[in-house]
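Beneath this line is the structure, given in structure tokens, with notes to follow.
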Amino acid sequence: MSDTSRVKSFPAPAGIEPVTHQLLMTAIHERRLLRFAYKNQIRVVEPQDYGIQNGTVNLFTYQFAGKSSSGPLPDWRKFAVQNIARLELLEKTFAGSRAVPSHKHQNWDVLFARVD
């Protein structure tokens, strides 16, 4: 089974547009950068994990460009997917998973995708 067909086999979670879900799954499985608006600020990220935590669909990322009101970049950021706007799958790829500091480690109720 190709990566593309495997990615398409996962249904979008409730409240998330299927096209958004598909872009997130593709970005993680193909290790492609994402650009989007969140809280009216443009973010450029390496997506690492995508899943559900305490009923919220989240994207856990390594943000290295754009703006952030949470502190200096680069750094780890988690985004509520329902608040992501203007999501773009970029052509540029990244190396893969990064070592997550223990204080930033995420626990997931449901994990849809993780960078390997």
Side-chain angles (χ1 to χ4, degrees):
M1 181 184 293
S2 74
D3 281 343
T4 303
S5 62
R6 182 181 57 186
V7 170
K8 291 180 181 175
S9 68
F10 295 99
I16 302 302
E17 291 293 324
V19 67
T20 297
H21 175 74
Q22 188 62 45
L23 287 172
L24 295 175
M25 296 294 287
T26 299
I28 288 174
H29 287 287
E30 295 181 4
R31 298 180 188 164
R32 289 171 58 185
L33 300 178
L34 292 169
R35 180 174 37 231
F36 55 85
Y38 193 85
K39 295 185 178 179
N40 295 317
Q41 295 181 320
I42 298 299
R43 320 295 179 116
V44 182
V45 304
E46 295 176 0
Q48 299 288 312
D49 290 352
Y50 168 46
I52 300 174
Q53 295 173 308
N54 301 317
T56 300
V57 180
N58 286 316
L59 178 66
F60 183 60
T61 72
Y62 188 75
Q63 183 182 349
F64 64 91
K67 301 282 185 178
S68 177
S69 54
S70 304
L73 296 175
D75 203 358
W76 294 96
R77 298 284 189 269
K78 182 170 62 174
F79 301 98
V81 174
Q82 68 182 11
N83 296 327
I84 289 174
R86 302 190 309 271
L87 179 64
E88 297 175 68
L89 179 64
L90 303 180
E91 290 298 319
K92 187 170 180 175
T93 60
F94 59 98
S97 65
R98 292 178 172 267
V100 179
S102 60
H103 69 283
K104 297 279 188 172
H105 179 76
Q106 302 294 303
N107 292 313
W108 298 94
D109 301 320
V110 177
L111 183 63
F112 300 119
R114 170 173 280 160
V115 168
D116 54 17

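Numbering of residues begins at 1 and proceeds along the displayed sequence. Note that the structure is predicted; figures quoted are calculated from it, not measured.
Counting all heavy atoms, side chain and backbone alike, T93 lies closest to E30 at CG2-O, 4.0 Å. When all heavy atoms of A113 and I28 are compared, the pair lying nearest together is CB-CG2, 3.7 Å.
If you run side chain to side chain contact (heavy atoms under 4.5 Å, CB included) between P47 and each of T26, L34, L23, only L34 comes through. Between Y50 and the options F112, W108, F79, a side chain to side chain contact (heavy atoms under 4.5 Å, CB included) holds for only F112.
Sparse packing is recorded around CD of E17, with 12 or fewer heavy atoms of other residues, nucleotides or ligands lying under 6.0 Å away. Residue D109 places its CG atom among more than 12 non-hydrogen atoms of other residues, nucleotides or ligands, all under 6.0 Å distant.
Side-chain atoms of S68 come within 3.5 Å of backbone atoms of S70 as a donor-acceptor pair (strictly under, hydrogens ignored). The backbone N or O of R114 lies less than 3.5 Å from no partner atom in the side chain of D49, so there is not a single donor-acceptor pair. A side-chain donor-acceptor contact under 3.5 Å links Q106 to the backbone of K104. Although no hydrogens or angles enter the test, the distance criterion places a donor-acceptor pair under 3.5 Å between the side chain of H21 and the main chain of P11.
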Just do the side-chain contact (heavy atoms from CB on, under 4.5 Å) check on L73 and F64 with the steps written out, would you? CA-CA 6 Å; L73 296 175; F64 64 91; over 6 Å; no
Stepwise side-chain contact (heavy atoms from CB on, under 4.5 Å) check, E46 with L33: CA-CA 5 Å; E46 295 176 0; L33 300 178; 3.6 Å; yes
Check the pair R31, D116 against side-chain contact (heavy atoms from CB on, under 4.5 Å), reporting the backbone distance first and the verdict last. CA-CA 9 Å; R31 298 180 188 164; D116 54 17; 2.8 Å; yes
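Under a hydrophobic clustering in which Ile, Leu, Val, Met, Phe, Trp and Tyr are joined whenever their side-chain heavy atoms come within less than 4.5 Å, directly or via other members, L59 and V110 fall into the same cluster.
Note: D75 CG to Q63 CD = 9.0 Å, rounded to the nearest 0.5 Å. Between Y38 atom OH and T61 atom OG1 the span is 10.0 Å, to the nearest 0.5 Å.
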Side-chain donor-acceptor pairs of residues 82-92 under 3.5 Å, sequence neighbours excluded:
unit_1, atom_1, unit_2, atom_2, d
E88, OE1, R35, NH2, 3.3
E88, OE2, R35, NE, 3.1
E91, OE2, R32, NH2, 3.3

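The ring pair (Phe, Tyr, Trp, His ring centres under 6.0 Å) search around Y62 returns W76, not counting sequence neighbours. For K39, the side chain to side chain contact (heavy atoms under 4.5 Å, CB included) criterion is met by R43, not counting sequence neighbours.
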